[in-house]
Amino acid sequence: MPPPGLHRVEIGCRDLDRSLDFYQDLLGFGPLADAPRPGGRTRLLSRGTVVLELVEVGAEGNQGGWVNDDLQGGIRHLGMKVAEVDRQIERLERAGVTVLSQPLDVLGDVRIAFFLDPDGARLEFIQGNLSYQEISSPDLAAAEAAQVAGTQPRFDHVAVTVSDLPAALAFWRDRFGFEVIGNIRHHGDPRGFLMTYLQAGEAVLEVFSFDQPIVPNDLSAAGSAVLGPRRLYVDAPGEQQLVAPDGVPVTMGGSR
């Protein structure tokens, strides 16, 4: 039996049809058979092995206290691998998508750009495979380096900020068996920025930690009208509702 992995990401949206146009038509995620959710509308989409569950919350949708600052705890963004990030961003701009940052070569020998979905969720395109400063699993790093991006965006990772890296590792690594691939430290960043990467099944969990205090954001207590990525599902035995460090709601039994 394969080890547990990140199977599904729940995303709140104001208008399901508008979000389907974005994730399906612009990003190339394909529909999956799904059952309607009582009291609302939901759709399952996939590109690769991770499922996106779009849940319509209506006009009352809110960001749940989320701000565009990596020093806030919880889910920061979703990342997708692409072969040509410049071309993909140009395509999104022509479609009227809000681009937060133009393609840029960054630490780790990758090229990235950030943009927003229709409800303000922060998304990333990443071109290339990471060069880790410290490698914890040579086999996983080598497997990642062998991957080739296709013509359509492919789900790659979820980024989270944590206030206590050992506590986060105890949750994700020790509880679920997500193995550490390696890490990258931004040595010139006065915040003491460290990125730790864990293999989460076929996806990656990108963990941000800093040498200075993190502002909490407990999505588990934010209510049902939260927009953007708001719950992670782990394909692990059993059925259980958990809260990860820094308030990320997690459901075990994510493939069911």
Side-chain angles (χ1 to χ4, degrees), residues 6-47 50-80 92-93 95-101 114-124 153 155 158-163 208 214-234 239-254 256:
L6 176 65
H7 171 75
R8 181 162 33 124
V9 179
E10 182 180 287
I11 301 175
C13 60
R14 290 190 179 92
D15 183 321
L16 181 60
D17 293 330
R18 181 178 67 173
S19 289
L20 285 173
D21 287 343
F22 178 83
Y23 284 98
Q24 243 178 237
D25 298 344
L26 279 180
L27 299 188
F29 282 74
L32 297 179
D34 61 307
R37 170 173 295 187
R41 295 202 300 159
T42 180
R43 292 292 184 276
L44 300 180
L45 305 175
S46 182
R47 182 71 189 174
V50 174
V51 173
L52 300 184
E53 180 180 7
L54 301 180
V55 179
E56 186 175 71
V57 301
E60 71 275 16
N62 63 82
Q63 297 297 328
W66 188 94
V67 295
N68 188 19
D69 184 347
D70 287 336
L71 287 175
Q72 182 187 58
I75 301 174
R76 303 316 309 156
H77 66 263
L78 306 181
M80 289 159 277
L92 294 187
E93 285 185 313
V97 173
T98 298
V99 174
L100 295 177
S101 63
F114 285 96
F115 57 99
L116 299 178
D117 85 349
D119 294 295
R122 194 167 183 246
L123 306 175
E124 179 187 24
F155 190 94
V158 176
V160 298
T161 291
V162 302
S163 58
F208 294 170
I214 297 303
V215 178
N217 184 34
D218 188 357
L219 281 181
S220 67
S224 61
V226 174
L227 299 169
R230 61 187 198 171
R231 177 173 292 275
L232 304 181
Y233 290 77
V234 176
E239 296 285 343
Q240 189 175 358
Q241 305 291 327
L242 305 171
V243 179
D246 301 287
V248 177
V250 176
T251 295
M252 291 175 60
R256 300 184 180 185

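The chain is numbered in sequence order, starting from 1. Quick note: numbers below take in every heavy atom, side chains included, and nothing from hydrogens, waters or symmetry partners.
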Residue of the set R43, R8, R41 for which salt bridge (charged side-chain N to carboxylate O under 4.0 Å, His left out) holds with E53
R8
Is any side-chain heavy atom of [Y] closer than 4.5 Å to one of [X]?
{"X": "V162", "Y": "I214", "value": "no"}
{"X": "W66", "Y": "N68", "value": "yes"}
{"X": "L116", "Y": "L100", "value": "yes"}

Which pair of heavy atoms, one from [X] and one from [Y], lies closest together, and at what distance?
{"X": "A95", "Y": "L26", "result": "CB-CD2, 3.7 Å"}
{"X": "G28", "Y": "R47", "result": "O-CD, 3.6 Å"}
{"X": "L219", "Y": "P229", "result": "CD1-O, 3.7 Å"}

Look up atom OH in Y23 and atom CD1 in I11, then write down how far apart they are to the nearest 0.5 Å.
4.0 Å
One should read off an interatomic distance between L78 CG and D117 CG, to the nearest 0.5 angstrom, of 8.5 Å
Worked check of side chain to side chain contact (heavy atoms under 4.5 Å, CB included) between V51 and L32:
CA-CA 9 Å; V51 173; L32 297 179; 3.6 Å; yes
Residues L123, L27; criterion side chain to side chain contact (heavy atoms under 4.5 Å, CB included); working and verdict:
CA-CA 11 Å; L123 306 175; L27 299 188; 4.3 Å; yes
F22: ring pair (Phe, Tyr, Trp, His ring centres under 6.0 Å) partners, not counting sequence neighbours
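Not a single residue meets the ring pair (Phe, Tyr, Trp, His ring centres under 6.0 Å) criterion with F22.
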If the plane angle is over 60° it's perpendicular, under 30° parallel, otherwise tilted; pick one for H77 and F114.
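Perpendicular: the ring planes of H77 and F114 meet at over 60°.
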Quick one: do R76 and E124 satisfy side chain to side chain contact (heavy atoms under 4.5 Å, CB included)? Show the steps, please.
CA-CA 10 Å; R76 303 316 309 156; E124 179 187 24; over 6 Å; no
Counting only N and O atoms by type, is there a donor-acceptor contact under 3.5 Å from the side chain of R230 to the main-chain atoms of S224?
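It does hold such a pair.
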Distance-only polar pair, side chains of T161 and D70, donor-acceptor under 3.5 Å
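No - no donor-acceptor pair under 3.5 Å links their side chains.
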